[in-house]
Amino acid sequence: MALQFPEGLKRQAAGLASDLKSAGFDVIISGDPCYGACDLALDTVTEGKADVLVHFGHAPVDDRPDVIFEPWIVDFDVEVLAQALPPLREKTVGLVTTVQHAHLVPAMEAFLASRGYEARVGEGTPRTPLRGQVLGCSFAAAKATGAREILFVGTGVFHPIGIALATRARVIALDPLTGTAQEVSAESLLRRRSAVIEKARAAWSFGIILSTKSGQERRALARRLATLAPGAVIITMREVSPDQILNLGFDCYVNTACPRLAYDDQVRFGRPVLSPQEFEILCGVRAWDDYTIDEIA
Ligand code: SF4
């Protein structure tokens, strides 16, 4: 069998491989960078190096019969949700979280009910199969709640900002490990993205990045975007790095790979990297008022 770990769990690889070897399995480890279930080391099974791939840390983002997904759960005491109650204005709230904490959704719902709040939880989708689960590229579970106020339980600000843009709801983010709760605003991200679009107005050549990763390849989208400007050409890439961006020499890039690349990593790239929706705004086929966060369906 082949084992694949995201960057944050790679240190577990040696111990787990050793345990599996002792249990009689023939084990290999995929050492390439991996950030999600969208980036499966499928070559291990398609090229006969292993019978099955075991991917740790994520739920599936698509249907893969030859892959076993082994989520990595992170527990916390749901009483920590008490920290998120003072900032809430509504008694009915959408409840969303990330894959590590999705097993605690029923306990979180029960806690909120015990404090007089109705939690609305979106059902799973093919890309986010766990109840209440969101990804940096899919906020379907947040949209499904239809709530005016959403409680995100997890770490970091990218997911709650994405939820705010995708739903237009008021979003409270609770870090369950520190107990910090805060209202999240998308304003600063919108200002930064508006500046990137303005910078791209001087561009003539556009590289439309088409990922070759298993769960990031959006070929139809890339093809459609390539029709929007005469200087737009599709570029296939596996890892999108600042060096590759500079070496290819395009004035501007449009990212159809992991949406977070454009939003999180712009400062690393020496050229504007637009989301598909931002490129549509640049090309005049979408209004700024219709700005939305990029998601993979
Ligand atoms: S595309 Fe990006 S946000 Fe979505 S699962 Fe992959 S790494 Fe995560």
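Both ligands and their constituent atoms are indexed starting at 1 by order of listing.
Scanning the protein for heavy atoms near atom 2 (Fe) of ligand 1, the closest one is C258 SG, 2.3 Å. Considering only non-hydrogen protein atoms, atom 6 (Fe) of ligand 1 sits nearest to C38 SG, 2.2 Å. Nearest protein neighbour of atom 3 (S) of ligand 1, counting heavy atoms only, is C137 N, 3.5 Å.
Between the side chains of H103 and D75, at least one donor-acceptor pair of N or O atoms lies under 3.5 Å. Side-chain N/O atoms of E278 and Y291 include a donor and acceptor closer than 3.5 Å. Of the N and O atoms on the side chains of T180 and D175, not one donor lies less than 3.5 Å from an acceptor on the other residue. Between the side chains of Q100 and T98, a donor-acceptor pair is found at a separation under 3.5 Å.
Contacts with ligand 1 closer than 4.0 Å are made by no heavy atom of H159, backbone or side chain.
Atoms of ligand 1 lying under 4.0 Å from any heavy atom of G136, numbered from 1 in the order shown and given with element: 3 (S). The contact set between ligand 1 and R127, taken as ligand atoms under 4.0 Å from a residue heavy atom, comprises 1 (S), 4 (Fe). Atoms of ligand 1 lying under 4.0 Å from any heavy atom of Y35, numbered from 1 in the order shown and given with element: 7 (S).
Salt-bridge formation is not detected for the pair D62/R127: no Lys NZ or Arg NE/NH1/NH2 atom is positioned less than 4.0 Å from an Asp or Glu carboxylate oxygen.
Taking 4.0 Å as the cut-off, K213 does not count as a neighbour of ligand 1 on heavy-atom distance.
Relative ring orientation between Y263 and F158 is described as tilted, the plane-to-plane angle lying within the 30° to 60° band.
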